[in-house]
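Sequential numbering from 1 along the given sequence is applied to the chain's residues.
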Amino acid sequence: MNKFQSAVLLLGSALVFSCQPKSESPTTTAEPPTATSAGLTFQPRSVMKQQANCQGDSCATVALQYLVAQGEPAVLRDSINRYVQDYLLRLQLTNNPDANLQPNPNAAELVAAVFLTEQAKFLRENPDAGARAGWYLNVNSQVLHQTSALVSLEIKSEGYSGGAHGYAMTTLQTFSPDGHALKVIEMVTDTLALKELVEQEFRKERQLEATSLEAQGFYTQAGRLPFPENAALTKEGLLLYYNAYEVNAYAFGATKLLLPYDRLQALLKPEFQLTL
């Protein structure tokens with residue numbers, strides 16, 4: 001497994017700018033809060049940093065846009081904020097598997113500073129790196145859906161830190177009102193029926209033949225697709241996302257699936273049918 005496969009898989013278990021010379025000091029901004037229907041507001045915040053005195057393609061840039069939950073219920077607010085901070089801290093694993101992941105209220109600024117430090121180290125060790133020195137790390141977050149029964153978030157990150165290609169990760173997560181980060185199997189009454197729906201949609205999206213998935217280059221468990229690690233309920237239905245490397249090689253890319261409510265409603269647990 002190469003560095004980029006490791007980076008994507010590590011981030012899953014837990015995007016390019018033009019360069020203009022500027023100070024390395026971070027700029028943190030706050031935008032107007034977005035009101036929600038379940039007692040919470042989400043304040044978008046951002047941290048942007050760039051390597052000082054960089055030239056051309058050697059610039060390293062970081063742009064982290066993340067959400068801070070505010071309001072009630074406190075248990076949901078605190079759970080979401082811990083989740084986001086933990087997500088940011090895990091971005092360090094791309095370049096340092098031994099990174100300190102202890103909770104930090106300034107996780108975004110810490111991650112940005114560490115990223116630039118790692119890039120500076122790379123330049124010292126590879127003075128002729130050229131375009132490979134143009135590292136970047138971008139994160140964008142949004143609330144996908146919110147009702148009295150749930151909150152669904154999407155976080156997208158992408159970056160490059162040397163090597164043949166960059167990396168990208170989409171993370172989807174639905175939270176119950178008690179702050180629990182729901183797994184897809186906890187939202188339905190029949191996981192076997194859901195697996196069949198997922199595989200049908202996957203074959204349709206990928207335009208696959210009716211032969212075995214393994215024979216067509218996909219990773220399976222006992223001949224069946226595993227559930228994606230990232231799933232969330234949205235206004236349209238259940239959104240599922242297989243990141244690159246999750247069920248196929250990098251060259252195949254990611255796979256995004258949407259199971260509309262009219263196909264899914266009979267499988268949803270009663271509390272999640274309230275999303276309609």
Side-chain angles (χ1 to χ4, degrees), residues 1-15 66-67 79-80 82-94 97 99 101 138-145 150-159 166-176 179-188 190-203 205-206 208 213-214 217-234 236-259 264 267-269 272:
M1 181 180 294
N2 62 30
K3 172 181 178 181
F4 305 102
Q5 287 175 300
S6 299
V8 172
L9 292 175
L10 282 169
L11 287 174
S13 65
L15 120 158
Y66 61 102
L67 299 173
S79 176
I80 289 175
R82 283 194 302 269
Y83 179 89
V84 171
Q85 293 297 308
D86 181 65
Y87 176 94
L88 293 171
L89 288 169
R90 286 181 176 275
L91 293 172
Q92 300 174 89
L93 296 175
T94 301
L101 303 181
N138 297 344
V139 171
N140 285 286
S141 311
Q142 65 170 323
V143 177
L144 287 178
H145 190 37
L150 61 86
V151 176
S152 292
L153 302 182
E154 176 187 74
I155 307 177
K156 288 181 174 287
S157 64
E158 62 175 318
Y167 46 88
M169 173 71 65
T170 293
T171 299
L172 304 173
Q173 184 60 62
T174 294
F175 296 85
S176 59
H180 178 57
L182 291 159
K183 297 179 180 179
V184 63
I185 61 174
E186 297 176 299
M187 304 179 196
V188 297
D190 188 336
T191 55
L192 218 59
L194 181 60
K195 273 196 173 184
E196 292 178 1
L197 278 178
V198 170
E199 184 168 320
Q200 289 172 15
E201 194 63 25
F202 187 89
R203 287 179 178 274
E205 180 67 25
R206 283 289 188 173
L208 300 178
L213 292 169
E214 289 181 348
F218 295 94
Y219 316 143
T220 63
Q221 296 176 351
R224 302 294 298 269
L225 276 179
F227 279 128
E229 294 183 6
N230 295 286
L233 287 166
T234 71
E236 293 78 26
L238 179 63
L239 183 64
L240 307 121
Y241 202 94
Y242 288 101
N243 285 289
Y245 296 128
E246 197 171 336
V247 290
N248 46 243
Y250 178 84
F252 285 91
T255 305
K256 180 179 179 179
L257 307 175
L258 178 66
L259 297 177
L264 186 69
L267 295 179
L268 281 178
K269 290 183 178 179
F272 302 118

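Remark: side-chain polar atoms of Thr220 are not paired, donor with acceptor, to backbone N or O of Glu214 under 3.5 angstrom. A donor-acceptor distance shorter than 3.5 angstrom exists from the side chain of Gln173 to the backbone of Leu182, with no hydrogens or angles considered. With Asn248 contributing its side chain and Phe218 its backbone, the two residues share no donor-acceptor pair below 3.5 Å.
Contact record, Leu225 with Tyr219: CD2-O, 4.0 Å, taken as the closest heavy-atom pair. Thr174 and Ala232 get closest at one heavy-atom pair: OG1-CA, 3.2 Å. Between Leu194 and Val184 the shortest heavy-atom distance is CD2-CG2, 3.8 Å. The two residues Glu229 and Glu246 come nearest to each other via the heavy atoms N-OE2, 2.8 Å. When all heavy atoms are compared, the tightest approach of Leu172 to Asn230 is N-OD1, 3.2 Å. In this structure, Leu239 and Leu144 approach most closely via the heavy-atom pair CD2-CD1, 4.2 Å.
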Leu197 and Leu267: CA distance, side-chain angles, deciding distance, side chain to side chain contact (heavy atoms under 4.5 Å, CB included) verdict: CA-CA 11 Å; Leu197 278 178; Leu267 295 179; 3.7 Å; yes
CA sep, side-chain torsions, deciding dist, call: Leu257, Tyr242, side chain to side chain contact (heavy atoms under 4.5 Å, CB included): CA-CA 8 Å; Leu257 307 175; Tyr242 288 101; 4.0 Å; yes
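In this structure, Glu196 has no salt bridge (charged side-chain N to carboxylate O under 4.0 Å, His left out) partners at least two apart in sequence or on a different chain. The side chain to side chain donor-acceptor pair (under 3.5 Å) test applied to Arg82 returns no partner, not counting sequence neighbours.
Other residues, nucleotides and ligands place more than 12 heavy atoms under 6.0 Å from the CG atom of Leu101.
For the atom pair CG of Leu88 and CZ of Arg90, the computed distance is 12.0 Å after rounding to the nearest 0.5 Å. Rounding to the nearest 0.5 Å gives a distance of 8.5 Å between CD of Glu158 and CG of Asn140. Put simply, CG on Leu268 and CG on Asp190 are 12.0 Å apart, with the number rounded to the nearest 0.5 Å. Rounding to the nearest 0.5 angstrom, the gap separating the NZ atom in Lys156 from the CD atom in Gln142 is 8.0 Å. From Leu233, atom CG reaches atom CZ of Phe272 across 7.0 Å, with rounding to the nearest 0.5 Å.
Within the 4.5 Å cutoff, the side chain of Arg206 has heavy atoms near those of the Phe252 side chain. At least one side-chain heavy atom of Leu258 sits under 4.5 Å from a side-chain heavy atom of Thr234. Contact of the Phe202 side chain with the Leu240 side chain is not registered, since no non-hydrogen atoms from C-beta on lie closer than 4.5 Å. At least one side-chain heavy atom of Ile155 sits under 4.5 Å from a side-chain heavy atom of Tyr83. You'll find the side chain of Ser141 reaches within 4.5 Å of the side chain of Tyr66, heavy atoms only.
Contact check on Glu199 versus Lys195 returns no salt bridge, with no Lys/Arg side-chain nitrogen under 4.0 Å from an Asp/Glu carboxylate oxygen.
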